[in-house]
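Per chain, numbering begins at 1; letters A, B, ... match sequence-line order. Everything numeric here is computed off the predicted structure, so don't read it as measured data.
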Number of protein chains: 2
Amino acid sequence: MTMVRQTRQRQAVIEVLRASREHPDAAWIHGRVRQVLPQVSLGTVYRTLDALVRDGLVVTIERAGQATRYDYKHEGHDHHHAVCRGCGAIFDVEAADIPALPPSALPAGFQVTDVRLEFMGLCPQCGNTSAGTSQPD
Amino acid sequence: MTMVRQTRQRQAVIEVLRASREHPDAAWIHGRVRQVLPQVSLGTVYRTLDALVRDGLVVTIERAGQATRYDYKHEGHDHHHAVCRGCGAIFDVEAADIPALPPSALPAGFQVTDVRLEFMGLCPQCGNTSAGTSQPD
DNA sequence: TTTAATGCAAACAATTTGCAGTAGA
DNA sequence: TCTACTGCAAATTGTTTGCATTAAA
């Protein structure tokens, strides 16, 4: 069987993620982890995050050209996201239940690990000025 | 006011997109467009696609490290997507209506231009072998 | 001891951008 | 004419990967 090991760096990444609801990206997480384990590499952070996503503990918000943002699935806090195309800000959206799908809607044998509901658009800031504002979140 | 011009290359990109339901990426579209206008650049394709997305005519499926896939919004064919984390294949999922949101769910003043419902998971192929298969779609 | 996980750095690939020239309006 | 749009190529930047080493189990 595939053996998964409990390492210090892995624990640190998980801890950082659990402690933040700011949808951080890999670089930010890396910085935080380094406060505790200064020599952890960005590569390790990425590998750990990938594993957490595969395990379904973490959800991603992915945008082309932008750093992927990671969101720890805190239990009892189901929610979706509103993403601003202008500045990249991510807002939590109170969970509305995902609609039930007709049994045949998904390809036969497709195993769903996660469902994302994302509202793309412009935040109040970016909606006004044609430009768009500066920094995320 | 911002002046939008009707150019040959722009028409070609739109045409290619409308003619395909395969969720192509920019490079593929570029190749197709070049069959008609051989000297069109990839940069132009990207700029055109960005414009179409902003205008709400086209939807994107974005995955970190992967090329963004583009989906023309054919009228009367509302659907969502199932995306395989293994091979990247994208399946259309018959539309189930997006749940109505409580009025206060979105940040005040947030203008929604598009709603995405994505089912992430493993397709039949990739679900069996621990490895995962080869090519998209 | 066994081998998964790590750090490092180089490699990749998708996307963006600056600029001078082209062509819609 | 005026300036948005284009082609080209270079530059960014997020993410992945190879490899020798370290440390869980």
Side-chain angles (χ1 to χ4, degrees), chain A residues 1-14 16 23-31 33-55 58 60-70 83 85-88 90 130-132 135-136, chain B residues 1-14 16 23-31 33-34 36-55 58 60-70 83 85-88 90 130-132 134-136:
Chain A
M1 260 315 296
T2 317
M3 173 54 113
V4 179
R5 292 180 184 172
Q6 182 74 344
T7 67
R8 226 175 332 233
Q9 24 282 78
R10 189 157 293 179
Q11 287 179 319
V13 169
I14 295 177
V16 167
H23 320 98
D25 61 25
W28 190 94
I29 295 167
H30 184 214
V33 168
R34 280 199 156 176
Q35 296 182 349
V36 183
L37 300 172
Q39 82 289 38
V40 170
S41 72
L42 184 54
T44 292
V45 171
Y46 270 111
R47 282 184 281 227
T48 302
L49 289 170
D50 285 351
L52 294 175
V53 169
R54 276 198 303 277
D55 291 352
V58 167
T60 57
I61 298 110
E62 306 180 40
R63 297 243 287 138
Q66 310 287 121
T68 298
R69 310 281 288 269
Y70 298 84
V83 183
R85 284 194 208 279
C87 62
I90 298 173
S130 53
Q135 292 302 0
Chain B
M1 261 317 293
T2 316
M3 171 56 114
V4 178
R5 290 179 184 170
Q6 183 73 344
T7 68
R8 225 175 333 233
Q9 24 283 81
R10 189 157 295 179
Q11 287 178 319
V13 169
I14 295 176
V16 167
H23 320 97
D25 61 25
W28 189 94
I29 295 168
H30 184 216
V33 168
R34 279 200 156 174
V36 183
L37 300 172
Q39 82 289 41
V40 171
S41 71
L42 183 55
T44 292
V45 172
Y46 270 112
R47 281 184 282 229
T48 302
L49 289 171
D50 285 351
L52 295 175
V53 170
R54 277 197 302 277
D55 291 352
V58 168
T60 56
I61 298 110
E62 307 179 40
R63 297 243 288 138
Q66 310 287 122
T68 297
R69 311 280 288 267
Y70 298 85
V83 183
R85 284 195 208 279
C87 62
I90 299 173
S130 54
S134 46
Q135 293 302 1

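- Helical stems in DNA chain C, defined as runs of 3 or more consecutive Watson-Crick or G-U wobble pairs with both donor-acceptor distances under 3.5 Å, are listed by first residue as C:1-10 with D:16-25, C:12-14 with D:12-14, C:16-25 with D:1-10.
- The side chain of Thr44(A) places an N or O atom within less than 4.0 Å of a non-bridging phosphate oxygen (OP1 or OP2) of dG7(C).
- Judged as a side-chain hydrogen bond (donor to acceptor under 3.5 Å, both in side chains), not a single pair has a partner in residues 4-13 of chain A (not counting sequence neighbours).
- Rounded to an integer number of Å, the gap from Gln6(A) CD to dA4(C) C1' is 13 Å.
- For the OP1/OP2 pair of dG14(D) and a distance below 4.0 Å, the side-chain nitrogens and oxygens of Gln66(B) include no atom meeting the criterion.
- Across all strands, Arg8(B) comes closer than 4.0 Å only to sugar-phosphate atoms, never to a base (heavy-atom distances).
- Positionally, the nearest nucleotide of DNA chain C for Gly65(B) lies more toward the 5' end than for the other of Gly43(B) and Gly65(B).
- Per the geometry, CD belonging to Gln11(A) stands 13 Å off P belonging to dA5(C), to the nearest Å.
- Here dA5(C) presents its P atom at 18 Å from CG of Leu42(A), a figure rounded to the nearest Å.
- Thr7(B) has a side-chain polar atom (N or O) that falls below the 4.0 Å cut-off from OP1 or OP2 of dT6(D).
- Residues from residues 46-53 of chain A with heavy atoms under 4.0 angstrom of DNA chain D, sorted by number: Tyr46(A), Arg47(A), Asp50(A).
- With sequence neighbours left out, the side-chain hydrogen bond (donor to acceptor under 3.5 Å, both in side chains) criterion links Arg34(A) to His30(A).
- Closest to the side chain of Gln39(B), out of dT15(C), dG7(C), dG7(D), is dG7(D).
- Look at CG on Leu37(A): it is 12 Å from P on dA23(D), rounded to the nearest Å.
- Straight-line distance from the CD atom of Gln9(A) to the P atom of dT21(D): 18 Å, rounded to whole Å.
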Under 3.5 Å, which donor-acceptor pairs link side chains of residues 37-52 of chain A to any protein atom two or more places apart or in another chain?
residue: Ser41(A); atom: OG; partner: Thr44(A); partner atom: N; Å: 3.2
residue: Ser41(A); atom: OG; partner: Thr44(A); partner atom: OG1; Å: 3.2
residue: Thr48(A); atom: OG1; partner: Thr44(A); partner atom: O; Å: 2.8

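- In this structure, the separation between OG1 on Thr68(A) and CD on Glu62(B) is 10.0 Å, given to the nearest 0.5 Å.
- Rounded to an integer number of Å, the gap from CD of Glu62(B) to C1' of dT15(D) is 16 Å.
- One finds the OG1 atom of Thr60(A) at 13.0 Å from the CG atom of Asp25(A) (value rounded to the nearest 0.5 Å).
- Taking every heavy atom of both residues into account, Val33(A) and Val16(A) meet most closely at CG2-CG2, 3.8 Å.
- Atom NE2 in His30(B) sits roughly 16 Å away from atom C1' in dA13(C) (whole-Å rounding).
- Taking the side chain of Arg10(B) as heavy atoms from C-beta on, and the options dA14(C), dT6(D), dT6(C), the nearest nucleotide is dT6(D).
- Nearest to the side chain of Val4(A), among dT15(C), dC2(D), dA5(C), sits dA5(C).
- The CZ-P distance, from Arg69(A) to dT15(D), rounds to 11 Å in whole Å.
- Proximity of Arg69(A) to Val83(A): side-chain heavy atoms (C-beta onward) are nowhere separated by under 4.5 Å.
- Applying the 4.0 Å criterion to OP1 and OP2 of dA23(C), one finds that Arg5(B) has every side-chain N and O outside that range.
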